[in-house]
**Q** 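I have a structure here, written as structure tokens, and I will follow up with some questions on it.
Heavy atoms only: backbone and side chains are in, while hydrogens, waters and symmetry mates are out. Starting from 1, each residue takes its place in the sequence as its number.
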Amino acid sequence: MRTMSAAGAAVWLGTVVTILSRSHGDRNVYPSAGVLFVHVLEREYFKGEFPPYPKTGDASNDPITFNTNLMGYPDRPGWLRYIQRTPHSDGVLYGSPTAEHVGRPTVIEITAYNRRTFETARHNLIINIMATEEFPLPYQAEFYIKNMNVEEMLASEVLGDFLGAVKNVWQPERLNAINITSALDRGGRVPLPINNLKEGVYVMVGADVPFSSCLREVETPHNQLRCSQEMEPAISCDKKFRAQFHIDWCKISLVDINKVVPVYITRPDPGTGILPEFGEYNPPSEFLKSRDYFFDFLVTLAVPSAVALVLFFILGYTMCCRREGVEKRNMQTPDIQLVHHSSIQKSTKELRGMSKNREISWPLSTLPVFNPVSGEVVPPIHPDSYETTSMPLMQTQTNLQNQITIPQQRPSGENYVMSTFRRLEVNGIPEERKVAEALNL
């Protein structure tokens with residue numbers, strides 16, 4: 001053990017009944033029911049069971065892990081826990097035995113594994129649980145300490161300091177550490193590895209006098225309201241713990257076992273673990289009656305095929321026999337929409353035909369303002385000062401040869417005016433034919 005302070009040692013030796021022991025081979029320990037039991041598995045002791053490391057000074061770095069179980073079973077008893085953070089730290093067995101284990105020796109097999117040499121060493125720890133009239137103590141308080149891990153709290157000097165602080169607040173004649181539980185075993189979450197966060201630990205202590213007024217301050221309506229709002233309650237004696245222990249006073253539990261109504265649960269007889277006799281096993285006969293699966297095969301294929309055939313006929317009738325047709329569609333379409341659609345189709349057909357044969361004459365909208373045969377530029381019919389922003393693509397020309405007059409309708413739709421275009425030939429084909437086709441539109 002590490003050295004404790006004088007005050008902590010006095011409190012520990014005078015008031016604490018917690019059993020501490022270290023593993024030194026096969027040995028017997030005698031904890032009391034209802035008292036915290038702590039047993040340290042020292043790596044230094046088990047190193048003597050393994051051959052020394054060839055290099056001097058490196059033997060202390062051998063990683064050693066421990067496996068603990070109840071003899072004849074794969075795990076430990078329900079009241080006994082084990083923790084070892086790393087292969088380079090000591091293991092700790094801890095727990096609080098109950099009265100139902102009194103009088104029965106509990107043999108714990110401890111197996112040490114050297115992770116460097118893969119050798120093992122085994123020792124037995126015999127736990128003889130003793131009954132005592134002083135325990136359990138009638139008044140029990142459970143504290144939640146936020147800034148501690150369970151292995152840190154199991155250290156004798158740390159636990160002694162905590163019990164000393166509780167004794168100063170509670171002022172009992174007898175004080176005992178009953179149990180220590182990690183917050184992870186109560187459904188807590190693993191803290192992030194930042195800011196030196198701890199898992200938290202629950203420590204239950206018992207005393208023989210009623211709770212002090214300081215411990216009952218958490219039950220006041222004001223502090224209960226602050227706890228419901230996730231605020232820290234105002235406890236007058238918190239300063240006696242704050243220097244070393246950060247206690248969450250909203251999670252403190254005060255129990256008077258004299259007022260607790262016992263609940264008796266009748267458990268069934270576990271029995272001997274041997275199944276009852278059912279006689280000899282009779283396997284099925286080797287000569288099984290054959291079965292004809294042809295009918296099942298037909299049903300499996302015929303039913304889906306018939307359903308698929310019916311669906312096929314329904315789909316075919318819907319798609320082929322229920323069509324409205326082009327005539328009915330045209331009858332329901334307005335005439336102006338049909339004419340517009342027909343003109344679009346006719347123009348599209350004409351453009352497709354022109355794209356297939358590049359030798360035909362160009363449309364009127366693409367005629368140049370010069371003679372494509374001689375290359376002569378047609379002079380403009382307007383002076384230089386004439387506004388050309390509204391000039392059409394095809395300029396009208398007068399007093400020129402080969403002119404053709406095309407009637408145009410006025411916007412009113414009643415009278416006609418005459419427009420004159422120059423007669424041109426493209427590849428020897430006169431443009432009158434194109435003009436006539438334009439008029440037929």
**Q** Are the side chains of N128 and V29 in contact, using a 4.5 Å heavy-atom criterion?
**A**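 V29 does not reach N128 side chain to side chain.
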**Q** So which heavy atom on C214 is nearest to which on S236, and how close?
**A** SG-OG, 4.0 Å
**Q** First locate atom CG of D90, then atom CD of E151, and finally report the distance between them rounded to the nearest 0.5 Å.
**A**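 Answer for the CG-CD pair, D90 versus E151, is 11.5 Å.
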**Q** Using a cut-off of 6.0 Å, state whether more than 12 heavy atoms not belonging to E230 lie near its atom CD.
**A**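 Atom CD in E230 is not packed in, count stays at 12 or less.
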**Q** So do the side chains of K167 and L163 get within less than 4.5 Å of each other, counting heavy atoms only?
**A** no
**Q** Might you point out which heavy atoms bring L137 and I257 nearest each other, and give the distance in Å?
**A**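 Result for this residue pair: O-CD1, 3.4 Å.
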**Q** Under a 3.5 Å distance rule, please check whether R43 uses its side chain to pair with a backbone N or O of P87 as donor and acceptor.
**A**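 Looks like yes, one N/O pair under 3.5 Å.
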**Q** Is there a side chain to side chain contact (heavy atoms under 4.5 Å, CB included) between R115 and D62? Walk through the geometry before answering.
**A** CA-CA 7 Å; R115 296 301 179 180; D62 284 354; over 6 Å; no
**Q** Can you tell me how far the CZ atom of R226 sits from the OG atom of S228, to the nearest 0.5 Å?
**A**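 If we round to the nearest 0.5 Å, R226:CZ and S228:OG are 10.0 Å apart.
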**Q** Measure the CD-CD1 distance between E219 and I252 for me, rounded to the nearest 0.5 Å.
**A** 8.5 Å
**Q** If you look at every heavy atom in N176 and G34, which pair is closest and at what distance?
**A** ND2-O, 3.5 Å
**Q** Hey, is the main chain of N149 close enough, under 3.5 Å, to the side chain of E152 for a donor-acceptor pair?
**A**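 Checking the backbone N and O of N149 against the side chain of E152, a donor-acceptor pair under 3.5 Å is found.
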**Q** Determine, for Y82 and R76, whether the Lys NZ or Arg CZ falls below 6.0 Å from the six-membered ring centre while staying within 45 degrees of the axis.
**A**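 The answer is no; the distance or angle limit is not met.
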**Q** Quick one about S182 and D185 (side-chain donor to acceptor, distance below 3.5 Å, no hydrogens or angles considered), yes or no?
**A**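 Side chains of D185 and S182: no pair found under 3.5 Å.
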**Q** Knowing that exactly one of L154, I127, L80 qualifies, which makes a side-chain contact (heavy atoms from CB on, under 4.5 Å) with L93?
**A**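 Checked L154, I127, L80 against L93; only one passes side-chain contact (heavy atoms from CB on, under 4.5 Å): L80.
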**Q** If you define the side chain from C-beta out and look only at heavy atoms, does anything of I145 sit under 4.5 Å from F241?
**A** no
**Q** Test your reading of the model: is there a side-chain donor-acceptor pair from Q84 to the backbone of S89, 3.5 Å cut-off?
**A** yes
**Q** Could you tell me whether the side chain of N147 and the main chain of H246 form a donor-acceptor pair under 3.5 Å?
**A** yes
**Q** Say you draw a straight line from CG of L254 to OH of Y139; how long is it, rounded to the nearest 0.5 Å?
**A** 12.0 Å
**Q** Do N114 and E119 have a side chain donor and acceptor closer than 3.5 Å?
**A** no
**Q** Taking atom types as modelled, is there a side-chain donor on Q337 or H341 under 3.5 Å from an acceptor on the other?
**A**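 Looking only at side-chain atoms, H341 and Q337 do not form any donor-acceptor pair under 3.5 Å.
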**Q** Between F66 and I64, is the side chain to side chain contact (heavy atoms under 4.5 Å, CB included) condition met? List the steps.
**A** CA-CA 7 Å; F66 301 94; I64 298 177; 4.0 Å; yes
**Q** Hey, does the side chain of D208 reach the backbone of P138 with a donor-acceptor pair shorter than 3.5 angstrom?
**A**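 It does not hold such a pair.
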**Q** Do K198 and M148 have side chains that approach each other closer than 4.5 Å (heavy atoms only, starting at C-beta)?
**A** no
**Q** Could you check whether atom CG of D335 has more than 12 heavy atoms from other residues, nucleotides or ligands sitting under 6.0 Å from it?
**A**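 Counting other residues, nucleotides and ligands, CG of D335 stays at 12 neighbours or fewer.
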**Q** Can you name the closest pair of heavy atoms from T181 and V201 and give their distance?
**A**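 The pair with the smallest heavy-atom distance is O-CG2, 3.3 Å.
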**Q** Using side-chain heavy atoms (C-beta onward) and a distance below 4.5 Å, is L159 in contact with L36?
**A**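 Contact flag for L159/L36 side chains = yes.
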**Q** To the nearest 0.5 angstrom, please state how far the OG1 atom of T65 sits from the CG atom of L41.
**A** 11.0 Å
**Q** How close do V299 and P304 get, counting heavy atoms only, and between which atoms?
**A**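 For V299 versus P304, the nearest heavy atoms are O-CD, 4.0 Å.
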**Q** Quick one: closest heavy-atom pair of I129 and A33, and the distance?
**A** CG2-N, 4.0 Å
**Q** Distance check, rounded to the nearest 0.5 Å: N69 atom CG versus I110 atom CD1?
**A**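 So the CG of N69 and the CD1 of I110 are separated by 9.5 Å.
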**Q** Is the closest side-chain heavy-atom distance between R352 and K349 below 4.5 Å?
**A**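 Not in contact.
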**Q** Could you tell me whether the side chains of N223 and W249 share a donor-acceptor contact shorter than 3.5 Å?
**A**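 No, no side-chain donor-acceptor contact under 3.5 Å.
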**Q** Which word best sums up how the rings of F46 and H123 line up, parallel for under 30°, tilted for 30 to 60°, or perpendicular for over 60°?
**A**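 The arrangement is perpendicular - the two ring planes meet at more than 60°.
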**Q** Check whether Q171 reaches the backbone of N168 with its side chain - one donor and one acceptor, N or O, closer than 3.5 Å.
**A** yes
**Q** I'd like to know if K146 pairs up with E232 as an ion pair, taking the criterion as any Lys NZ or Arg NE/NH1/NH2 lying under 4.0 Å from an Asp or Glu carboxylate oxygen.
**A** no
**Q** Do F162 and I247 pass the side chain to side chain contact (heavy atoms under 4.5 Å, CB included) test, and can you show the C-alpha distance, the side-chain angles, and the key distance before you say yes or no?
**A** CA-CA 11 Å; F162 177 75; I247 297 178; 4.2 Å; yes
**Q** Please tell me if the side chains of I108 and P77 come closer than 4.5 Å, counting only heavy atoms from C-beta onward.
**A**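 Counting from C-beta outward, I108 and P77 do come under 4.5 Å.
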**Q** If only atom types and distance count, is the side chain of W170 paired as donor or acceptor with the main-chain N or O of P210 below 3.5 Å?
**A**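 Here the side-chain-to-backbone pair exists.
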**Q** Looking at the rings of F143 and F245, which for Trp means the six-membered one, are their centres under 6.0 Å apart?
**A** no
**Q** Could you tell me whether the side chain of S342 and the main chain of V339 form a donor-acceptor pair under 3.5 Å?
**A**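 A pair under 3.5 Å: no.
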**Q** Less than 4.5 Å apart, any side-chain heavy atom of Y202 and any of M204?
**A** no
**Q** Taking the side chain from T220 and the backbone from E217, do they hold a donor-acceptor pair closer than 3.5 Å?
**A** yes
**Q** Is it true that a side-chain atom of Q224 and a backbone atom of V218 form a donor plus acceptor pair closer than 3.5 Å?
**A**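 Here the side-chain-to-backbone pair exists.
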**Q** Could you walk me through whether V203 and V166 satisfy the side chain to side chain contact (heavy atoms under 4.5 Å, CB included) test, starting with their C-alpha distance in whole Å, then the side-chain angles of each, then the deciding distance to 0.1 Å, before giving a yes or no?
**A** CA-CA 11 Å; V203 180; V166 174; over 6 Å; no
